[in-house]
Amino acid sequence: MSPPTPCRRRALPVLTAALAALLYGLAPPAAAADGPADWTARPAGTGTGRDARPYVYLEGTPGTVLQDRLAVTNSGRTPLTVRLRGDGRAGGWIRFAEDTVTVPARTRADVPLALTVPPDAVPGDASGEAVAIGGGEEIRVPVRVRTVGPTLAALTVEDVEVSGGAIRYALVNRGNAMLRPRLAVRAEGVFGTLLDRPERPLPLELAPGRRAERTEPWPDAPALDAVTVRLRVTAPGGVRDEAAASATYLPVGPAVGGGLLLLGGLAVFASGAYRRRRRTGRAAPRPTTVDAQPPVATEPLLKAGAKT
């Protein structure tokens, strides 16, 4: 084999550098040493994507202990330490097998959990969260618990207030079942209907005993009218309630100008009336009276010596 020519010797380092750059580009990037690890927490199970469980769901009678698992997956290239706790009403019933778990790199750990339904729990639904904290991040997994027994669905709409371009109200779950409310809004003015929004679902899941303050926008509220707004809320199970509030809309600028104009007119009217009253109240000059005199004879006087 002949020795490499000078041209080939010069090309060899260039080809080596190009090959190294190509291999570096194909290799997966290394995780930053000080960055958060790539990890997830979700209900354990074999489903993935759309088939994965969106939350932990448990059902039982008061006093029973229910079991499930929380899957913590570490996709990073270094071990990950995660702290686990419960939050919310149902989350407070949860106890994990380990409160702190270290998951090796590219490994999934299924952590057992036990949820004890309180002996005095009323039948119905309760919600909470399983919280996982690690790598500078926090992941919350919803938890739903149904206590078996007679359920009562009750919902009220309260504290309705109409102000400017907004309708404020509160929804209160008075029962023991989880509710997904629907809302219809109607407003009547002096000359007819001003607003008529058909029933629609609200982006809200109301747990038993919870109260939610909400605002319904009304950007095209009238400038001058007396209105009555009615809210109707419904929920599955035949739940229904209504409430109303009234408001009067007055334009601030015209109202102030009209009030000043009215006051000015009243002042002019009062001043004119006062001047007329002064003129009519002055004493008129008394007419000159002449004392009564005896009648003067109109017959010609008889000359002296005239015969009668």
Residues that, via side-chain heavy atoms closer than 4.5 angstrom, fall in one hydrophobic cluster with [X]:
X      : value
Val172 : none
Leu195 : Leu155, Val157, Val160, Val162, Ile167, Tyr169, Leu171, Leu179, Leu183, Val185, Leu194, Leu202, Leu204, Leu206, Trp218, Val227, Val229, Leu231, Val233, Val239, Tyr249
Val65  : none

| query | Any salt bridge between Glu216 and Arg197, counting N to O under 4.0 Å? | reply |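 Result for this pair is yes, salt bridge flagged.
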| Does a donor on one side chain and an acceptor on the other come within less than 3.5 Å for Glu158 and Thr156? | yes
| Under a 4.5 Å cut-off applied to non-hydrogen side-chain atoms, are Val82 and Thr100 in contact? | no
| query | Are the side chains of Pro208 and Arg89 in touch, meaning some heavy atoms are under 4.5 Å apart? | reply | yes
| CG/Leu80 to CH2/Trp39 distance, rounded to the nearest 0.5 angstrom? | 6.5 Å
| message | For a salt bridge (charged side-chain N to carboxylate O under 4.0 Å, His left out) check, start with the C-alpha distance between Glu199 and Arg182, then their side-chain angles and the critical distance, and finish with the verdict. | response | CA-CA 6 Å; Glu199 185 178 284; Arg182 300 174 64 89; 2.9 Å; yes
| With a cut-off of 6.0 Å (strictly less than), are more than 12 heavy atoms of other residues, nucleotides or ligands near CZ of Arg144? |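 Atom CZ in Arg144 is crowded, with more than 12 foreign heavy atoms closer than 6.0 Å.
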| field | Enclosure of Arg214 CZ (heavy-atom neighbours >12, cutoff 6.0 Å) | value |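 Enclosed: over 12 neighbouring heavy atoms sit under 6.0 Å from CZ of Arg214.
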| message | Quick one, Glu188 with Thr193, criterion side-chain hydrogen bond (donor to acceptor under 3.5 Å, both in side chains). Give me CA distance, side-chain angles, the key distance, then yes/no. | response | CA-CA 4 Å; Glu188 298 287 344; Thr193 302; 2.9 Å; yes
| said: Donor-acceptor pair, distance only, cut-off 3.5 Å: does the side chain of Thr107 make one with the backbone of Ala105? | reply: yes
| For Asp159, salt bridge (charged side-chain N to carboxylate O under 4.0 Å, His left out) partners two or more places apart | Arg211
| remark: For Asp220, the salt bridge (charged side-chain N to carboxylate O under 4.0 Å, His left out) test, sequence neighbours excluded, returns none
| request: List the steps, then state whether salt bridge (charged side-chain N to carboxylate O under 4.0 Å, His left out) holds for Arg53 with Asp68. | output: CA-CA 12 Å; Arg53 292 195 294 164; Asp68 207 319; 2.9 Å; yes
Below 3.5 Å, can you tabulate the donor-acceptor pairs from side chains in residues 110-136 to any protein atom, sequence neighbours excluded?
{"unit_1": "Asp110", "atom_1": "OD1", "unit_2": "Arg108", "atom_2": "NE", "d": "2.9"}
{"unit_1": "Asp110", "atom_1": "OD1", "unit_2": "Arg108", "atom_2": "NH2", "d": "3.4"}
{"unit_1": "Asp110", "atom_1": "OD2", "unit_2": "Arg69", "atom_2": "NH1", "d": "3.1"}
{"unit_1": "Asp110", "atom_1": "OD2", "unit_2": "Arg108", "atom_2": "NH2", "d": "3.2"}
{"unit_1": "Asp125", "atom_1": "OD1", "unit_2": "Arg146", "atom_2": "NE", "d": "2.6"}
{"unit_1": "Asp125", "atom_1": "OD1", "unit_2": "Arg146", "atom_2": "NH2", "d": "3.2"}
{"unit_1": "Asp125", "atom_1": "OD2", "unit_2": "Arg146", "atom_2": "NH2", "d": "3.0"}
{"unit_1": "Asp125", "atom_1": "OD2", "unit_2": "Met178", "atom_2": "N", "d": "3.1"}
{"unit_1": "Glu129", "atom_1": "OE1", "unit_2": "Arg140", "atom_2": "NH1", "d": "2.6"}

| said: Could you walk me through whether Glu59 and Val145 satisfy the side-chain contact (heavy atoms from CB on, under 4.5 Å) test, starting with their C-alpha distance in whole Å, then the side-chain angles of each, then the deciding distance to 0.1 Å, before giving a yes or no? | reply: CA-CA 6 Å; Glu59 183 176 317; Val145 180; over 6 Å; no
